[in-house]
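Reading through the structure tokens given below for one structure.
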There are 2 protein chains.
Amino acid sequence: MPPGGFNFSVLARPEVPERTLRAGEVIFREGEPAAEMFLIKSGTVAIRSDDHLIAELGDNEVFGEMALIDRSPRSATALAVTDVTLIPVSEKQFLFLVAETPFFALTIMRVLVHRLRLLNRVG
Amino acid sequence: MPPGGFNFSVLARPEVPERTLRAGEVIFREGEPAAEMFLIKSGTVAIRSDDHLIAELGDNEVFGEMALIDRSPRSATALAVTDVTLIPVSEKQFLFLVAETPFFALTIMRVLVHRLRLLNRVG
């Protein structure tokens, strides 16, 4: 997905503290319970499963949303490839945005469909 | 996805005319422009791409939602495997439901995540 391909400006709010990580740090691990998703404010994040690279994501992309949607454990591990700044989105905030901001719900759906189309093309 | 695994009762409304097809009939073809998604009221539908079976879907499952979400042409062909009864959902109704019924938006997201998890497992 191209950086900036989706508009997640609704997630960047002054009252949400950013989280910074150094290159090489683990953001979350496959199998862990999940309570939040993330918007990448800056930097590169790798999504890996069983030492297989699923995706590299950059500025203005989201990750970790699948576990919030179906309340399953993390299906993959997320690693900071460069120093990164993330905006965390709690499950509560996620559900609030889905309910109050249809554009946000549609944008999350578009991200999921984009990923499905990529996987279908490879498969 | 197990039949009945998702609750799409919000789509079954008396004012929406059902559509019936005979076994073997094409519901839509890969590459066609898209204006609606479908809930399967009864019967079995095959989703195929390039003569490759992507999924077989049954009662209370939806299909055709990807093209509504990202406004792309159909990414696959849908065929009636048995006689089927479908409830069509227009783009307008889909967007209305996303805006007015957060539970519907979340259920569509869950369907997409379910499909992503299946594809990731195979890949």
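Chain A is the first sequence line, chain B the second, and so forth, proteins listed ahead of strands; every chain is numbered from 1.
Residues of residues 68-89 of chain A lying under 4.5 angstrom from chain B, judged on non-hydrogen atoms, are A:I69, A:D70, A:S72, A:P73, A:S75 in numerical order. Annotation: residues 91-99 of chain A contacts chain B through A:F94, A:L95, A:V98, A:A99 [non-hydrogen atoms, separation under 4.5 Å]. Taking 4.5 Å as the heavy-atom cut-off, none of the residues of residues 31-49 of chain A approach chain B.
Side-chain atoms of B:D50 do not come within 3.5 Å of backbone N or O of B:H52 as any donor-acceptor pair.
The shortest distance between side-chain heavy atoms of A:V113 and A:R110 does not fall below 4.5 Å.
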Quiz prompt | Chi angles and distances behind the side chain to side chain contact (heavy atoms under 4.5 Å, CB included) call for A:I54, A:F63 | solution = CA-CA 12 Å; A:I54 295 177; A:F63 63 97; over 6 Å; no
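Closest of all the heavy-atom pairs between B:E25 and B:R22 is OE2-N, 2.7 Å. A:L116 approaches B:L112 most closely through the heavy-atom pair CD1-CD2, 3.7 Å.
For residues 69-93 of chain A, no pair satisfies ring-ring contact (aromatic ring centres under 6.0 Å, His included), with sequence neighbours left out.
Tracing side-chain contacts under 4.5 Å through hydrophobic residues (I, L, V, M, F, W, Y), one reaches B:V10 starting from B:I108; they form part of the same cluster.
Rounded to the nearest 0.5 Å, atoms CE (B:M109) and CD (A:E65) are 9.5 Å apart.
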